[in-house]
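Working notes, beginning with the structure itself.
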Amino acid sequence: MLQVSVLREQRERIVNGLAKRGLKDAAELVDSAIALDQSRKDTQKQADDLKAKSNAEAKRIGELMKAGKADEAATLRAAIAGEKEQLKTLEQELSKLEESLKVQLYKIPNVPAERVPAGAGADDNVTVHEHGAIPQLGADALPHWELIKKYDIIDFDLGIKITGAGFPVYKGKGAKLQRALINFFLDEAEKAGYREMLPPIVVNEASGYGTGQLPDKEGQMYFIQEDGLYLIPTAEVPITNLYRDVIFTEDQLPVKNTGYTPCFRREAGSWGAHVRGLNRLHQFDKVEIVQVCKPEDSYRVLDEMCTHVQGLLEKLELPYRKLLLCGGDMGFNAAVTYDMEVFSAAQQRWLEVSSVSNFETYQANRLKLRYKNKEGKTQLLHTLNGSALALPRIVAGILENNQTPDGINIPKVLVPFCGFDKIS
RNA sequence: GGAGAGGUGGGUGAGUGGCUGAAACCAGCAGUUUGCUAAACUGUCGUACAUGUCAAAGUGUACCGGGGGUUCGAAUCCCCCCCUCUCCGCCA
């Protein structure tokens, strides 16, 4: 969430920025938070003053008692009898205001960065880079959901049997391809200086709030009622929350982590013809990269992360394009997002395989993730993350784009990881 | 799951109702000393909100796992929850 102090000091910039998301009531949202904060401050001042007064009186009573002036103490005690009630009222009012302010702040999405174009949805995203030639397939080319049956490498029906729709079973070379991709991605990330982490894939409520999945998106996460835990929708959640309530020193930065986890998404109500096969799943595998850095470095880091992701796609010889998302298509928490999309030749569609975002201080504020700068001041850090990469659509791209009459060619870089160069 | 013990500042650890935002020690930081290192000595050393300021200093409030309660006053007493450790049970 945004800091109220920033709302107060940069109201114009924020309201104008939020307009790029197509938020119609941006000004009202911001002003109402500012107003609540002002009431909060006023009430806190009253409460603090009253507490200061009663602290002094309590101290005085103690001194009188010690001096043996019990009757004077009793007189004073009687004189301040009403204060407690008054204080209680003030404190209740204060916590109500704090709660309302928090709820209000939760409603305000991150402010799009300077470079983000205004826009309502996917049509307004800007293609900033394209790489690789679109493969020309014959008329008999199959979409991946046919190919996986033909070669018996991924089985949706078995998944339905043991779990449900959207939970495929990877078989034989299909399973091995998953493992190869995970290892390839992790090795590449490590070469780029990321430290590998293997976090839990269920998290508590506090972590959900830390990275901004909660409140609001609880419907997207699987929830384990009995223990109050959520299955992670992305490794971003556990890996970023590692640094909740942490104050770094400057020499510990930047933090560069990577991690492989399965990801779980309920995707309630988002099914249809365009999400057949591997295009959308309830459980999928992903390698994530996460960085925590100083504010002045975050845009250089964002470029670095994009370059890393693009390098992976180039090594896999997949044609892709890089999109700068417009305000209306960005996630709630992001200040900038670049999406990488692979062209899936049999579907004749671009598939999103990575999303690289700079959250600036939006997550750090909730996480209380800060560092002590050279002047000894504690200030919020910037967090960034990106998929590097999400597997299913990569698999879809590889299968579709590399199909030949006598099998599917495995990209050269993966062969050492797979142990085979063709699925036939 | 059952029984017991315990959760205090970066760490160790004192503190059972007022003089404790918190002793002492260690680590850290700054300085003195020093050919360098080490040692010694001196000082400093939590976070948040508010107030104040060009900035700061200063001042007020809150925080001793979390939440509630008792009291004029709570780290200290009471209740609930969470977590850690030990033993037993179960188990990859």
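Residue numbers start from 1 in every chain, and the chains themselves are labelled A, B, ... in the order their sequence lines are given, proteins ahead of strands. Here the structure is a predicted model, which means the values were calculated and not measured.
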For nucleotides [N] and [M], find the distance between their [atom1] atoms and express it as a whole number of Å.
| N | M | atom1 | value |
| --- | --- | --- | --- |
| B/rU8 | B/rU20 | C1' | 12 Å |
| B/rC63 | B/rG68 | P | 11 Å |
| B/rA75 | B/rC64 | C1' | 5 Å |
| B/rC25 | B/rG52 | C1' | 37 Å |
| B/rU59 | B/rG15 | P | 30 Å |
| B/rG13 | B/rC26 | P | 16 Å |
| B/rU47 | B/rG9 | C1' | 10 Å |
| B/rU70 | B/rC80 | C1' | 15 Å |

Tell me the interatomic distance from [X], atom [atom1], to [N], atom [atom2], rounded to whole angstroms.
| X | N | atom1 | atom2 | answer |
| --- | --- | --- | --- | --- |
| A/Q46 | B/rC49 | CD | P | 20 Å |
| A/N365 | B/rC49 | CG | C1' | 14 Å |
| A/D37 | B/rA50 | CG | P | 7 Å |
| A/L101 | B/rC49 | CG | C1' | 12 Å |
| A/L90 | B/rU61 | CG | C1' | 13 Å |
| A/K45 | B/rU59 | NZ | C1' | 9 Å |
| A/E250 | B/rC29 | CD | P | 15 Å |
| A/K368 | B/rA48 | NZ | C1' | 9 Å |

#### Entry: Cation-aromatic face contact A/K176/A/F420, 6.0 Å, 45 degrees
no
### Query
What does A/Q44 touch in the nucleic acid at a heavy-atom separation under 4.0 angstrom: a base, only the sugar-phosphate, or nothing?
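Touches a base.
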### Query
With a 4.0 Å cut-off on heavy atoms, is A/R40 in touch with a base, just the backbone sugar-phosphate, or nothing at all?
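Here A/R40 touches the backbone only, sparing every base.
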### Phosphate OP1/OP2 of B/rG18 contacted by A/R77 side-chain N/O (<4.0 Å)
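Checking B/rG18 against A/R77, no side-chain N or O comes under 4.0 Å of OP1 or OP2.
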### Query
Quick one: is B/rU47 close enough that its OP1 or OP2 comes under 4.0 Å of any side-chain N or O from A/R370?
no
### Summary
Expected list for residues 48-55 of chain A near RNA chain B, using heavy atoms below 4.0 Å, is A/D48, A/K51, A/A52, A/N55
Look through every strand shown and name the nucleotide pairing with [N] as Watson-Crick or G-U wobble, where both distances are under 3.5 Å.
| N | answer |
| --- | --- |
| B/rA56 | none |
| B/rU12 | B/rA24 |
| B/rU76 | none |
| B/rA40 | B/rU32 |
| B/rU71 | none |
| B/rU84 | B/rA5 |
| B/rG46 | B/rC63 |
| B/rA92 | none |

### Query
Under 4.5 Å between any side-chain heavy atoms of A/R280 and A/E267, yes or no?
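With C-beta onward as the side chain, the pair touches.
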### Task
Kindly state each residue pair satisfying salt bridge (Lys or Arg N to Asp or Glu O under 4.0 Å) with at least one member in residues 377-401 of chain A, sequence neighbours excluded.
none
So [X] and [Y], would you call those rings parallel, tilted or perpendicular, with 30° and 60° as cut-offs?
| X | Y | value |
| --- | --- | --- |
| A/Y230 | A/F223 | tilted |
| A/Y362 | A/F332 | perpendicular |
| A/Y106 | A/Y209 | tilted |

### Query
For the ring pair A/Y243 and A/F248, is the centre-to-centre distance below 6.0 Å?
yes
### Message
So that I know where these two stand, are A/H308 and A/Y194 an aromatic pair - ring centroids less than 6.0 Å apart?
### Response
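Yes, close enough.
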### Query
What nucleotide, of B/rG46, B/rA48, B/rG18, holds the atom closest to the side chain of A/M65?
B/rG18
### Nearest-nucleotide pick for A/R8, side chain only, options being B/rC72, B/rU47, B/rA50
B/rA50
### Task
State the CG-CD1 distance between A/N409 and A/I423, to the nearest 0.5 angstrom.
10.0 Å
### Query
For A/I247 and A/K377, take the nucleotide of RNA chain B holding the closest heavy atom to each; which residue's nucleotide lies nearer the 5' end?
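Between the two, 5'-proximity favours A/I247.
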### Message
If you assign A/A56 and A/K41 each to the RNA chain B nucleotide with the nearest heavy atom, which residue ends up on the more 5' nucleotide?
### Response
A/K41
For [X], give me all partners under side-chain hydrogen bond (donor to acceptor under 3.5 Å, both in side chains), at least two apart in sequence or on another chain.
| X | answer |
| --- | --- |
| A/D152 | A/K171 |
| A/K20 | none |
| A/N358 | A/S298 |

What protein N or O atoms touch nucleotides 89-92 of chain B N or O atoms at under 3.5 angstrom, if any, and at what distances?
none

